[in-house]
Amino acid sequence: MQANYNFTEIEKKWQTHWEKTQQFQTTEEPGRDKFYLLEMFPYPSGKLHMGHVRNYSIGDVIARHLTMKGKNVLHPMGWDSFGLPAENAAIKNGIHPNVWTWDNITEMREQLKTLGFSYDWEREVATCHPDYYKWMQWIFIQFFNHGLAYKKKNPVNWCPSCQTVLANEQVVEGGCERCHTPVGKKDLEQWYLKITDYAERLLNDMDGLDGWPTKVKTMQRNWIGKSIGAEVDFPISGFAETMRIFTTRPDTLFGVTYMVLSPEHPYVEKLVAGTEYQNQVADFRKKVQYLSDIDRTSTTLEKEGLFIGRYAVNPMNGKEVPIYIANYVLMDYGTGAIMAVPAHDQRDFDFAVKYEIPIVPVIDPCDDTIDLYDLKEAFVSEGKLINSGPFDGLDSETAIEQINQYLEKENIGKKTVNFRLRDWLISRQRYWGAPIPMLHCDHCGWVPERLENLPVLLPTDVEFTGKGESPLTTSKTFLEAECPTCGGKATREIDTMDTFLDSSWYFLRYTDAKNEMEIWDKDKAKYWMPVDQYIGGVEHAILHLLYARFFNKFLYDIGYAPSVEPFTNLLTQGMVLKDGTKMSKSKGNVVSPEEIIQKYGADTARLFILFAAPPEKELEWSDAGVEGSFRFLNRVYRLVFELRDELKDAPKEYTVATEDDKELAYHLHSAIKKVTEDLGNRFNFNTALSAVMILVNELYRYKTVRERNEGLLRHAVESLVLVLAPFTPHICEEMWEQLGHAGSLYKEPWPTYDEKATIKDEVEIVVQINGKGKEKIYVASGLSKEAFLEETLANPKVGALLEGRQVVKMIPVPGKLLNIVVK
RNA sequence: GCGCGCGUGGCGGAAUUGGCAGACGCACUAGAUUUAGGUUCUAGCGGUAACCCCGUGCAGGUUCAAGUCCUGUCGUGCGCACCA
């Protein structure tokens, strides 16, 4: 051991040791408590950033702590390695995506290793490896065989910059999730996964996810967007088909004064064909089509519409009402058509005022301040029904029930549940993804590739232009194939899968990552699943976490996933900021992990990140704070260096004798207790570390006292090294060795504490007068309420306080305070 | 507009159950060590000259006691948003 803390040497030494001894490789041990700890695997961009370091440092503390506590910990790592950046690099630099990606993986793996994370590298997966995407394709075929994958022509979100379609979830504020380019619409035939079949379960099963942040659950609930209402059919005068609408307010049916079709609604063309309205309607539709999604859905956009010369019949009262098309009705929600009740819906109200359509109130608010026949705005709450024939006088809730029954009895509608969630569009017109393992045959239609032919390999003879169709069309070898069903000529699907599919099941593959015969051994999956703790950025609250839950449920249904939900506990870590904003190249405020590791070592980097803020909060990077963490590690190192020779031979048994001993024992056991609780019950690493720092300060005090108790001191220093080990593993291994132990400290059990030692004989008590602290006194701890009151009153300081005052009440809180209420 | 968070010293943050507000760290100040700087060590560090007193965004309320609970309000961050 050198006198100076040589972190470079120490970290290299122990990383090599862990690798050589296969310290963190795990296998199933039935009967032993398992813990599956998972951090979101990274996209291999080539460079690790601070967000990664934070994510994985948090995970590593938990993994190492639980390992020391005797759990069988699964802690894997891998690569979400399909995706657009690789392809863009290929277009720009002429490097094949495969080469680019694997180079990056190699580089990032090395970086992760310099941070000393306790991964079982034997389980590493890369989604771009054929051994992985073979099973991705297998899952797709399972979806197809169960009727949950289908191809459909539909207007889809198109990112002109990425030259590909996007799922609804990947459109953020009308722009592409990745490049923020405004997204347009294109009519394309694409593959979809029927996630909507799982909407109800995805929603309901969240009730059991107590270990998830409310925020994430709320976001998913809103995204799924369940609304209960009714579908009602309105006959159209002079037209064979009826107009089906969805409403959440069947109680307002009698207040309908007009109807609206979405401009894209398939009926529109037929309804105006050959009429004087035909041209106007065509113009209007064109105008709406050119609007981007951002404008179309903006609340500030003026409502515009057009009467199309047709009338619908209200099935409740037989009244005819005009049919409009309008920009505020969207084709892809509900039925793409609405009934308009201007008196009780603000949007309809605005529209009715603009186009001078009658406003008929049917819900009485029972409020004198509202004049129902001269409304200034729509009354949108519930109330009592009026102008509603046989339903007059009912409150909204009862009316909804009775009207729904009436609708069903008369066969004009029924109670319906509607979801905001759309089916998941998974086709991508790009190269660097898993090929969709489907073939089209003129005789058999769309058929899946035979399982024994998987994987459908990505062809390598492909040109990258970044334009037009999927690059797979440029392959001479890929397109033509044999139909798996009839043996005739068939053509392969040229689109690849959205990379979010790859990351929707990797956590299951880790349980048996190298299996070539099946997707995973069910017994192995059963041993490890579900993931006990999942850690990652909140930006995945909807996309990844919803998709992964969907995949897991499907795989559960077909007997492959052992649990209904994949992730029991979820921790969403906060962002790493510098100067108050997210680190980014364009702002020039990026702090590179490599630099910090080189200057201070991985242990310092980890310590700073864990100490500066609680994990779920944002973390402001501070160079001075890093210095402080480095200083602390030096301080601990010096302490051990100075004491090691005498402590090596110190007795293992000891008795706490002097007041100084008691003080050290108190701090020792308090620190162990605090760290144990903060790591076990809640992940507050910052407060755990502050407890460790207090212990170090105490040890510096204790080593200067006249009568040192070597046995106690040894126990204290060794415990210090052990409780600090999950946070800063390398320096702790080194110190452990220097204290005379052979091998890794991760074979040591987690230190235990003596509750009695954490309680002082005498405790400080605050004496309050009317709730204000006046005196501090010491009394024995552990007293009953009565004895406590007696003791405190016997104290002369309290006596002095009572002098000349009229006591109304005494409130004793044993061990804490005495509040005396006086007049 | 709707939903969910968050507002505590110069800064990051602590106070887990309603019970001493400001743990721990950073920055700062003074002193010791050092030829000097750095390192290290010691002490101080919410406001106020000061004891009293005042202090957890603001205004109320409940309570013997409120950073913590309730009502309102302002600010801020995130999510969703013409969802019928």
Side-chain angles (χ1 to χ4, degrees), chain A residues 4 172-173 213-223 225-227 229 245-249 252 260 262 295-303 326-330 332-341 344-348 350-351 418-421 538-539 541-542 574-575 577 607-608 611-614 616-629 631-632 634-635 638 674 677-678 681-682 684 686-694 696-697 700 704 764-776 808-822:
Chain A
N4 289 335
V172 180
E173 285 169 5
T214 343
K215 185 186 168 168
V216 175
K217 286 190 278 189
T218 309
M219 281 168 72
Q220 291 212 0
R221 283 198 184 101
N222 291 342
W223 188 264
K226 180 180 181 176
S227 29
I245 60 95
F246 173 75
T247 179
T248 52
R249 292 293 301 272
T252 63
V260 188
S262 158
D295 299 328
R296 180 77 187 275
T297 56
S298 153
T299 35
T300 52
L301 178 76
E302 173 128 17
K303 289 171 185 41
N327 59 357
Y328 75 98
V329 175
L330 309 169
D332 61 3
Y333 183 76
T335 60
I338 62 156
M339 64 178 209
V341 186
H344 304 294
D345 182 286
Q346 193 55 44
R347 292 156 299 177
D348 299 346
D350 296 340
F351 192 85
N418 218 326
F419 292 97
R420 210 190 77 107
L421 185 71
V538 74
E539 65 272 18
I542 296 174
M575 278 193 302
L577 308 180
L607 180 67
F608 167 70
F611 180 61
E616 67 282 359
K617 271 205 174 184
E618 291 182 338
L619 183 147
E620 172 71 28
W621 188 266
S622 149
D623 291 331
V626 178
E627 290 272 1
S629 296
R631 202 150 51 216
F632 171 73
N634 274 284
R635 198 166 143 82
R638 276 199 311 276
K674 181 89 178 131
E677 287 178 353
D678 281 352
N681 308 343
R682 49 176 210 172
N684 282 24
N686 53 337
T687 51
L689 284 164
S690 103
V692 177
M693 289 171 179
I694 293 169
V696 172
N697 291 343
Y700 265 85
T704 65
E764 195 182 59
I765 298 299
V766 180
V767 183
Q768 297 180 326
I769 298 286
N770 292 341
K772 298 233 182 248
K774 295 287 177 189
E775 283 289 355
K776 283 173 183 174
V808 179
K809 208 172 170 185
M810 297 265 192
I811 293 131
V813 182
K816 290 220 168 100
L817 58 74
L818 172 70
N819 189 9
I820 302 162
V821 186
V822 298

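Each chain gets a letter, A, B and so on, in the order its sequence line appears, and its residues count up from 1.
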On a whole-Å scale, what distance lies between the [atom1] atoms belonging to [N] and [M]?
N     : M     : atom1 : value
B:C20 : B:G67 : P     : 9 Å
B:C6  : B:G57 : C1'   : 11 Å
B:A23 : B:G13 : P     : 15 Å
B:U8  : B:G46 : C1'   : 10 Å
B:C58 : B:G9  : P     : 10 Å
B:G55 : B:G22 : C1'   : 11 Å
B:G1  : B:C69 : C1'   : 29 Å
B:U17 : B:C11 : P     : 27 Å

What contact category does [X] fall into here, base, sugar-phosphate, or nothing, at under 4.0 angstrom with non-hydrogen atoms?
X      : result
A:I694 : sugar-phosphate
A:P213 : nothing
A:K774 : sugar-phosphate
A:T248 : sugar-phosphate
A:V813 : base

Grab the [atom1]-[atom2] distance between [X] and [N] for me, whole Å please.
X      : N     : atom1 : atom2 : answer
A:E620 : B:C26 : CD    : C1'   : 13 Å
A:N681 : B:U17 : CG    : P     : 11 Å
A:I820 : B:G19 : CD1   : P     : 20 Å
A:R420 : B:G3  : CZ    : P     : 16 Å
A:Q768 : B:G19 : CD    : C1'   : 7 Å
A:L619 : B:C6  : CG    : C1'   : 17 Å
A:Q220 : B:G79 : CD    : P     : 15 Å
A:Q346 : B:A84 : CD    : P     : 15 Å

Rounded to the nearest 0.5 Å, how far does [atom2] of [Y] lie from [atom1] of [X]?
X      : Y      : atom1 : atom2 : result
A:K303 : A:D350 : NZ    : CG    : 5.5 Å
A:I765 : A:L818 : CD1   : CG    : 8.5 Å
A:R420 : A:Y333 : CZ    : OH    : 9.0 Å
A:N819 : A:K774 : CG    : NZ    : 11.0 Å

Syn or anti for B:G9, taking syn as within 90° of 0?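 Nucleotide B:G9 adopts syn.
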Side chains of A:N4 and A:R638: any donor to acceptor distance under 3.5 Å?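 Side chains of A:R638 and A:N4: no pair found under 3.5 Å.
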Do A:S262 and A:Y328 have side-chain N/O donor and acceptor atoms under 3.5 Å apart?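 There is no such pair between these side chains.
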Carefully, step by step, assess A:F419 and A:S227 under the rule side chain to side chain contact (heavy atoms under 4.5 Å, CB included). CA-CA 6 Å; A:F419 292 97; A:S227 29; over 6 Å; no
Between A:T214 and A:M339, which has a closest nucleotide on RNA chain B that is more 5'?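 Looking at RNA chain B, the more 5' nearest nucleotide goes with A:T214.
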Using heavy atoms to find the nearest nucleotide of RNA chain B for A:E677 and A:G336 separately, return the residue whose nucleotide is more 5′.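 The residue whose closest nucleotide sits nearer the 5' end is A:E677.
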Among B:G25, B:A84, B:C4, which nucleotide has an atom closest to any side-chain atom of A:M693?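 Within the option list, the nearest is B:G25.
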Do the side chain of A:K303 and the base of B:C82 come within less than 3.5 angstrom through a donor-acceptor pair of N or O atoms?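 It does, because a donor-acceptor pair links the side chain of A:K303 to the base of B:C82 below 3.5 Å.
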Minimum heavy-atom separation for [X] to [Y], with atom names?
X      : Y      : value
A:V216 : A:V538 : CG2-CG2, 4.4 Å
A:V808 : A:V822 : CG2-C, 3.9 Å
A:V329 : A:V260 : CG2-CG1, 3.5 Å

Phosphate contact (B:A14 OP1 or OP2) by A:N686 side-chain N/O below 4.0 Å: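 For A:N686, the contact criterion (side-chain N or O under 4.0 Å from OP1 or OP2 of B:A14) is met.
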Would one find a side-chain N or O of A:S690 under 4.0 angstrom from OP1 or OP2 of B:G13?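 Answer no for this pair, as no side-chain N or O of A:S690 is under 4.0 Å from OP1 or OP2.
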Which residues pass the salt bridge (Lys or Arg N to Asp or Glu O under 4.0 Å) test with A:K226, sequence neighbours left out?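 For A:K226 the salt bridge (Lys or Arg N to Asp or Glu O under 4.0 Å) partners, ignoring immediate neighbours, are A:E200.
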Scan nucleotides 38-43 of chain B against the protein and return all N/O pairs shorter than 3.5 Å with their distances rounded to 0.1 Å.
from, atom 1, to, atom 2, distance (Å)
B:U40, O3', A:R638, NH2, 3.3
B:C41, OP1, A:R635, NH1, 2.3

Using a 3.5 Å limit on both pairing distances, list the dot-bracket string of RNA chain B from the 5' end; Watson-Crick and G-U wobble pairs count, crossing pairs take [ ], interstrand pairs take |. (((((((..(((......[....))).(((((.......))))).((.....))..(((((..]....))))))))))))....
